[in-house]
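Down below is the structure, laid out as structure tokens.
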Number of protein chains: 2
Amino acid sequence: MSASPQPHETHELGLAQPITLADIAREAGTSPSTASRALSGRGYVSPAARDRLLAVADRLGYVPNASARTLKRRSSRVIGVVVSDLGNQFYARLAAGIEQTLREADYQMMVLGDNSEGDEELDGARTFLAMRAPGVIMTPVSSDAGELLRSQGVAVVEVDRRLTEGCDAVVIDNEAGARAATEHLLSLGHTRIALLGVDTEWTTDAGRLAGYRAALAAARLPADDRLIVRIPVHVDADERIEALLRDERPTAIFAANNQLAERAWRLIRRRGLHLPGDLSLVAFDDVPWMQMVDPGLTVVEQPTLELGRCAAKLLLQRLESPSLPPAVECLQPHLLVRGSTAMLVR
Amino acid sequence: MSASPQPHETHELGLAQPITLADIAREAGTSPSTASRALSGRGYVSPAARDRLLAVADRLGYVPNASARTLKRRSSRVIGVVVSDLGNQFYARLAAGIEQTLREADYQMMVLGDNSEGDEELDGARTFLAMRAPGVIMTPVSSDAGELLRSQGVAVVEVDRRLTEGCDAVVIDNEAGARAATEHLLSLGHTRIALLGVDTEWTTDAGRLAGYRAALAAARLPADDRLIVRIPVHVDADERIEALLRDERPTAIFAANNQLAERAWRLIRRRGLHLPGDLSLVAFDDVPWMQMVDPGLTVVEQPTLELGRCAAKLLLQRLESPSLPPAVECLQPHLLVRGSTAMLVR
DNA sequence: CTGTTAGCGCGTTCAA
DNA sequence: TTGAACGCGCTAACAG
């Protein structure tokens with residue numbers, strides 16, 4: 001029966017190969033199946049046997065082989081997350097929100113960054129397919145990845161942007177946010193308001209552009225196309241912004257994301273222009289530096305952490321009930337006025 | 001033989017179960033082993049068979065089952081990374097550096113955050129053990145995780161901090177950096193220089209403290225313990241910093257990491273103090289906001305991305321040659337003077 | 001160069 | 001309540 005106590009004092013310096021269910025079963029004098037039931041907590045095991053097994057497992061530092069389990073169960077506990085850029089605080093925060101609710105449900109998060117590149121996104125999808133991830137959350141670049149995933153039965157939720165019809169998604173009310181920003185500027189007397197955006201058809205950019213336009217239209221102001229600067233992904237924004245500053249001289253700028261806001265802010269400063277005296281600036285998405293600079297930036301704040309949490313919840317729900325109709329959540333941003341916007345003095 | 005062409009027009013809306021090596025072998029009229037050899041590129045396969053196999057695999061969108069492969073090979077292509085806080089730009093950048101060189105070597109990175117909690121770090125280690133990760137890179141909190149990992153034969157490299165003797169590591173020359181910062185302050189005439197650090201025995205904090213002390217000693221200045229504020233992890237720094245500002249009034253502060261620098265900066269501003277007129281401030285570790293605020297912060301800049309790259313390289317090397325003696329790389333930081341430090345006016 | 005055989009570690013029948 | 005047998009998908013021996 002059970003062998004001698006065997007202190008087994010840690011530090012098995014050699015290439016101690018991992019102990020398996022069979023090992024602990026043998027040590028506890030049961031069959032592997034019983035050990036499996038005891039340690040995975042599914043199926044009947046007598047309390048006595050369970051205790052014995054648990055004790056042995058603990059003593060030997062048993063770590064279940066995730067690959068074997070995944071292979072058998074045909075699904076892992078890893079949820080894939082693919083975002084545009086992990087270095088951007090917006091996406092980092094989004095991931096933090098996701099991670100938080102995922103770990104409460106005992107799932108592992110694995111984050112990958114595409115660089116807003118469809119190819120890398122597709123690679124990521126394949127990685128998650130290979131790992132048999134039951135679900136993936138992404139800020140979609142192209143719909144290829146999502147379609148591939150869904151065609152293989154993995155649950156997908158799109159977050160921040162919405163690209164695929166019939167897919168779970170959680171987004172921000174971009175139009176409302178952009179409209180609020182623009183209206184704020186209009187209320188301060190600005191009429192030459194520039195929009196700095198990304199040139200894509202993503203719902204984020206399209207929505208923010210629409211909100212900007214709507215606000216102008218409501219104020220019966222014509223939209224001046226020269227004031228609408230839409231910069232393609234991966235194109236250096238600085239030139240375009242400089243040209244705007246130099247040639248068009250708006251009295252106010254609405255920057256549609258934190259990245260563009262940063263570029264604009266730096267160029268404004270480099271040019272020796274002052275906020276808000278020479279120019280007003282509003283950013284979509286609040287990140288820490290915007291509160292630290294002087295004057296602080298007026299922003300459209302988004303509930304970024306909540307965005308992530310919500311996406312994770314949606315995914316979890318989908319995993320439980322695959323046949324539910326697709327859900328789309330829309331969270332509200334809100335305007336936070338700081339010092340970078342002021343009354344237009346003429 | 002091979003069945004009818006089968007267009008297979010995507011959108012297999014059902015729960016299309018993943019296709020396996022057996023599927024593509026059957027379709028190509030070979031045995032699974034040949035298919036394996038062809039697709040994994042190890043072992044002899046006739047060009048003809050290979051082409052056929054590759055074509056079928058491509059057509060069917062074959063994605064190898066990572067779990068099965070890992071189970072068989074007893075090792076995965078996933079390298080674990082565990083850092084203190086993914087939200088901190090320092091760690092984010094570190095991870096970016098790691099990811100970069102890892103992917104060049106065709107490894108996947110999986111990042112986990114402990115919150116400078118030994119427990120969470122240990123959980124992370126178990127996760128990677130479960131996944132059969134061949135190696136792990138970490139900013140160590142306690143040596144338990146590393147020891148567990150190494151006892152199971154997984155390669156470990158410590159980065160930023162060094163905790164375990166005989167372990168590969170890549171660090172910054174903390175002492176030199178701190179000394180440069182303090183000397184800079186001394187050269188400006190400051191004598192009441194406070195140190196804001198973390199209260200641990202980690203090499204980062206110990207090194208920075210030592211550098212600070214060494215500079216004072218070299219200037220034949222006594223170290224005033226009331227000016228040395230060491231804040232334990234997870235303790236709110238604000239109170240301690242406020243007390244320092246209120247009760248001790250140093251003329252200069254050396255903040256030993258970006259986090260503490262941010263807290264200090266905010267409190268200084270809230271108190272209505274001006275940099276560098278009322279107080280000089282130097283930070284260890286440069287992050288973007290430090291250049292954006294006015295005045296910009298004088299910092300000890302570290303090659304963070306390179307730190308990550310270097311750690312990954314070390315790991316890769318260890319994986320190739322497990323028997324090499326442990327290597328410890330030490331990178332040099334350097335002082336970058338901006339506007340937050342100035343001559344002491346009395 | 002190819003196919004057959006066997007087994008990685010685990011979970012899940014099914015009988016006992 | 002337990003154990004024996006099987007198979008998840010892939011790869012490594014070994015024959016052929």
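This structure is a prediction, so every number in the text was calculated from the model and none was measured. To find a chain, count down the sequence lines: A is the first, B the second, and so on, and within it residues start at 1. Atoms considered below: every heavy atom in the structure, side chains included; atoms not considered: hydrogens, waters and symmetry mates.
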Worksheet, complete the sentence: Between CZ of B:Arg42 and P of C:dC1 the distance, given in whole Å, is 18 Å
Fill in: Sugar-phosphate only, base, or nothing, as touched by A:Ser33 at under 4.0 Å among non-hydrogen atoms
base
Discussion item. Without decimals, in angstroms, what is the distance between A:Arg69 CZ and C:dT12 P?
Written reply: 9 Å
Only pairs under 3.5 Å count here: list side-chain donor-acceptor contacts from residues 316-327 of chain B, not counting sequence neighbours, and write none if there are none.
from	atom 1	to	atom 2	distance (Å)
B:Arg318	NE	B:Asp168	OD2	2.6
B:Arg318	NH1	B:Pro322	O	3.0
B:Arg318	NH1	B:Leu324	O	2.7
B:Arg318	NH2	B:Asp168	OD1	3.0
B:Arg318	NH2	B:Asp168	OD2	3.2
B:Arg318	NH2	B:Leu324	O	3.4
B:Arg318	NH2	B:Pro325	O	3.2

Worksheet item: A:Asn65 CG to C:dG9 C1': how many Å, rounded?
Response: 6 Å
Practice prompt. Would you mind telling me which residue lines up with the more 5' stretch of DNA chain C, B:Ser31 or B:Ala68, judged by nearest nucleotide?
Written response: B:Ser31
Discussion item. Please determine whether any donor N or O and acceptor N or O are separated by less than 3.5 Å between the side chain of B:Arg132 and the base of C:dG9.
Written reply: no
Worksheet item: Of all the nucleotides listed (C:dG9, D:dA12, D:dT2), which has the minimum atom distance to the side chain of B:Lys72?
Response: D:dA12
Discussion item. Between P on C:dC8 and CE on B:Met131, what's the gap in Å once rounded to a whole number?
Written reply: 22 Å
Worksheet item: Can you check the B:Leu21 CG to D:dA12 P distance for me, whole Å?
Response: 12 Å
Worksheet item: What is the nucleic acid contact for B:Thr30, judged by heavy atoms within less than 4.0 Å: base, sugar-phosphate only, or nothing?
Response: sugar-phosphate
Practice prompt. Could you check how far CG of B:Leu39 sits from P of D:dC10, rounded to whole Å?
Written response: 9 Å
Worksheet item: Once you round it to whole Å, what is the distance between C1' of D:dA12 and CZ of B:Arg37?
Response: 10 Å
Worksheet entry | Polar side-chain atom of B:Arg132 near backbone of A:Ser67 as donor-acceptor pair, under 3.5 Å | no
Worksheet item: Are any of A:Ser46's side-chain N or O atoms less than 4.0 Å away from OP1 or OP2 of D:dT2?
Response: yes
Worksheet item: From the list D:dG3, D:dG9, C:dG3, which nucleotide is the closest neighbour of the side chain of A:Leu71?
Response: D:dG9
Worksheet entry | Pair of N/O donor and acceptor under 3.5 Å linking D:dA12 base with B:Ser36 side chain | no
Worksheet entry | Distance-only donor-acceptor test (3.5 Å): side chain A:Arg74, base D:dG9 | no
Worksheet item: Quick one: is B:Thr34 getting a side-chain N or O under 4.0 Å of the C:dT2 phosphate, OP1 or OP2?
Response: no
Worksheet item: A:Glu120 versus B:Arg103: any side-chain heavy-atom pair under 4.5 Å?
Response: yes
Discussion item. What is the separation between atom CZ on A:Arg73 and atom C1' on C:dT12, rounded to the nearest whole Å?
Written reply: 11 Å
Practice prompt. Could you tell me whether a side-chain N or O of A:Ser40 sits under 3.5 Å from a main-chain N or O of A:Ser36, the two making a donor and an acceptor?
Written response: yes
Item to complete: Indicate yes or no for a side-chain donor-acceptor contact from A:Arg161 to the backbone of A:Thr139 under 3.5 Å, with no hydrogens or angles considered.
Response: yes
Worksheet item: Quick one: which of D:dT11, D:dT2, C:dT2 gets closest to the side chain of B:Tyr44?
Response: C:dT2
